[in-house]
Amino acid sequence: MMQETGQMRAGLFDRVVGGIVLVLFGIAMLAIGWDYPMGRVNQMGPGFVPLSIGVIICLLSVAIFWIDLRDETISSAPALDWRGLIFVSAAILVFAGLVEFAGLLPSMFLAVVVSKLADRTNRPLGILVYAGLATLAGWLLFLVVLELPIPAFWR
Amino acid sequence: MLEQFLLGLGVVMQPEVLVYAFAGVFIGQVIGVLPGIGAITAISLLLPVTFHLDATTSIIMLAGIYYGSQYGGSIASILLNLPGTPSSVVTCLEGYPLARSGRAGMALFTAALSSFLGGMIGVAIVVLAAIPMTTIALKFGAPEYTMLVVLGLMAASMVGTGSHLRALAMVLVGVALGLVGADATTGYYRYVAMPELADGISLVSLAMGLFGVSEVIRNAAARAQSKVQPQIRMRDIFPSRSEARTLPGPILRGAGIGSFFGALPGTGAAIASFMAYAVEKRFSRVPKRFGTGHLPGLAAPESSNNAAAQTGFIPTLTLGVPGDAVMALMIGALILNGIIPGPRLMVDQPTLFWGVIASFFVGNIILLLINIPLIRLWVLMLRVPYQKLYPVIVIMICVGVYSHRTSVIDVVLTLVFGILGYLMKNYRFEPAPVLLGFVLGPLLEDNFRRAMLIYRGDFTIFVTRPICTVLFTCTVLLIAFSIYSSISQRRRMAAAATDGPASTP
């Protein structure tokens, strides 16, 4: 287990990655928006604002990159919480993938089960009971009280 | 003015509206108490729900969640040293030491009372400012709106803690995300990577991702902390007479600072509470006592964030320009209900406008009444571990986003923004300015292009028109002040580093 994060000084990658991603964002913005009509100052086209914003983002991100590169006092980024990241992402994708085919209740049930796996302390029976109760509560809230127009099960 | 306020009071006192006002402040109090769910998450969750209500009731409920959460946030700060909301971070500094020394009850009482007084002063300022502000707002043309939005975006990046450059970059990323979809003037598709994005990125998706999903990812796998609950005895909740005498000053100053930062577009309750604490400490005769459970240091920020939570509605309701990320969601809720916020709102929808304002008055009284007497309930709620809560938050986010536009792509995008928000924060980029830029961006572009069209590309109008001159001066002063303060801070740090060589290992 890595426990010595937080107070550690950031490595070179940790320091500059934010600035680099931001530069790439700005460049992508310029590249995609390059062909948008610019228009004239008194009759601006749809490309004027996107390209201006893209240029400013690029300039700012170069400045951020430069400042971060020289600042050695930055403490390193906290370690990624892979467990949370993977299971919460999977739960949302399960919901997104199932809701149109399987209906609201099955997709809610499975999303709860998958997201519950992020927590280390769970036992299978506990997860199923919890997911059942959460689905019941979801059914009451979303379909009975709020009457959302989403089918409960597949048709 | 009083007449209109009474009209609003009449709206709120209808039983059905009152129920939703109560529900709003109660939910706000609860999510404020629970660390890990903020007002932004709760409001975006309930945004789709409000389609089924009329606009007035929706806004009254959503607003109640916002200012209610400001009350609740202080409870977790005082008892557990865990801020329930961003604006109660400074409440920990004085509140927790008080609780440790066995005076939790008194700290909670002082916080609730300061919150109430600050909130009420904020409401009074909203009532007083509403008509004059609307009169000024009716004079706003495209150049004025452009400059106001620029001021707001600058204030969002220049005031507060953290790197100003980073915040400004995040504001612009938000503006960039707001560009996705059909251009409002020409209908030209910009950055539409897939057909589902033709209507643009959904506000609900962005807000729930950046604030909801990212927090769930961050906390889901974290080990449960052992929470030590301080004992609260109801007998000793009242401050002594000599302690009570030290409170009116901080509460009034806090409310003043809060009202200013609340009404200034781009800044909100969190910044207001930091500022109030800093001012109180700077001008105190006993600065050494701050951090050890000094009551004025608890009262000032609590009063400040609640005043700001109310005055934040001034630019939102009179100009249609949201002050912070939460207000951006309020504007979203109004637009989803088919109401365009702006200077015409007070004239065209007087019952909505004054009903919402009167609901603040009623809501603050309800909050004071449910805060202290139900303290045992809130303490009980603090015992709910996050592990029992987060899967429910996940499905509420999923269903909320999906039902908003019945779009699976929106749910997937929410996840993308969630991962983005999680990573951003790890690398010291704050997500709140992104949301503000996202909402203000289209306003900026629309008004800027219209101003240029009307005044034939003459940039001087942004300085020479009277209201523009004021807004421009404010923007310049703000930038100058923030550059000055960051330079002087760096000098002080450099001086401290050379003075104390013993501190370097």
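Keep in mind that the numbers below use all heavy atoms, side chains included, and drop hydrogens, waters and symmetry copies. What you see is a predicted model, and the numbers here were worked out from it, not measured in a lab.
- Using cut-offs of 30° and 60° for the angle between ring planes, the B:F448 and A:F48 rings count as tilted.
- Residue contact with chain A, scored on non-hydrogen atoms closer than 4.5 Å, involves the backbone of B:Y189 exclusively.
- No side-chain heavy atom of B:T146 sits less than 4.5 Å from a side-chain heavy atom of B:R450.
- In terms of heavy-atom pairs under 4.5 angstrom with chain B, the leader among A:I92, A:V114, A:I86 is A:I92.
- Taking chain B as the reference chain and counting heavy-atom pairs below 4.5 Å, the highest number among A:I67, A:L117, A:V41, A:V112 is found for A:V41.
- Residue A:L104 touches chain B through its side chain alone, counting heavy-atom pairs closer than 4.5 Å.
- Both the backbone and the side chain of A:S89 have a heavy atom closer than 4.5 Å to some heavy atom of chain B.
- If you tally non-hydrogen atom pairs under 4.5 Å between each of A:F25, A:F87, A:W82 and chain B, the highest count goes to A:F25.
- The side-chain heavy atoms of B:L197 and B:I201, taken from C-beta on, include a pair separated by under 4.5 Å.
- A:Y36 places a side-chain N or O within donor-acceptor distance of the main-chain N or O of B:Y191, the cut-off being under 3.5 Å.
- The closest donor-acceptor contact from the side chain of B:R190 to the backbone of A:P46 lies under 3.5 Å.
- The contact between B:R428 and chain A is made entirely by side chain atoms (from C-beta outward), counting heavy-atom distances below 4.5 Å.
- Remark: side-chain polar atoms of B:R456 are not paired, donor with acceptor, to backbone N or O of A:N42 under 3.5 angstrom.
- Neither the backbone nor the side chain of B:V401 comes within contact range of chain A; no heavy atom of the residue lies under 4.5 Å from a heavy atom of that chain.
- Chain B forms the most heavy-atom pairs under 4.5 Å with one residue out of A:I32, A:V88, A:I64, A:I53, and that residue is A:I64.
- No donor-acceptor pair under 3.5 Å is formed between the side chain of B:T414 and the backbone N or O of B:M208.
- Looking at A:D68, only its side chain comes within 4.5 Å of chain B, counting heavy atoms on both sides.
- The CG atom of B:L53 lies 9.5 Å from the CG atom of B:L46; values are rounded to the nearest 0.5 Å.
- Interface remark: A:I150 contributes side-chain atoms only to the contact with chain B (heavy atom separation under 4.5 Å).
- For B:Y402, the OH atom counts as densely surrounded, since its 6.0 Å shell holds more than 12 non-hydrogen atoms of other residues, nucleotides or ligands.
- Proximity of a side-chain donor or acceptor of B:N219 to a complementary backbone N or O of B:E215 within less than 3.5 Å is detected.
- Residue B:I454: no heavy atom, backbone or side chain, is found under 4.5 Å from chain A.
- B:S214 places none of its side-chain heavy atoms less than 4.5 Å from the side chain of B:K425.
- Between chain B and the options A:P50, A:S52, A:G97, A:G138, the largest number of non-hydrogen pairs under 4.5 Å is found for A:P50.
- Looking only at distances, no side-chain donor or acceptor of B:R166 sits under 3.5 Å from a matching main-chain atom of B:S157.
- Contact residues of residues 174-184 of chain B toward chain A are B:V175, B:A176, B:L179, B:D183 (heavy-atom distance under 4.5 Å).
- Contact of B:V392 with chain A is made through backbone and side chain together, with heavy-atom distances under 4.5 Å.
- Checking side-chain atoms of B:Y427 against main-chain N and O of A:G19 turns up no donor-acceptor pair under 3.5 Å.
- Within the 4.5 angstrom heavy-atom criterion, atoms from both the backbone and the side chain of B:M396 approach chain A.
- Neither the backbone nor the side chain of B:T185 has a heavy atom closer than 4.5 Å to any heavy atom of chain A.
- In this structure, chain B has a heavy atom under 4.5 Å from the backbone of A:R15, while its side chain stays farther away.
- Between the A:K116 side chain and the B:Q387 main chain, a donor and an acceptor come within less than 3.5 Å of each other.
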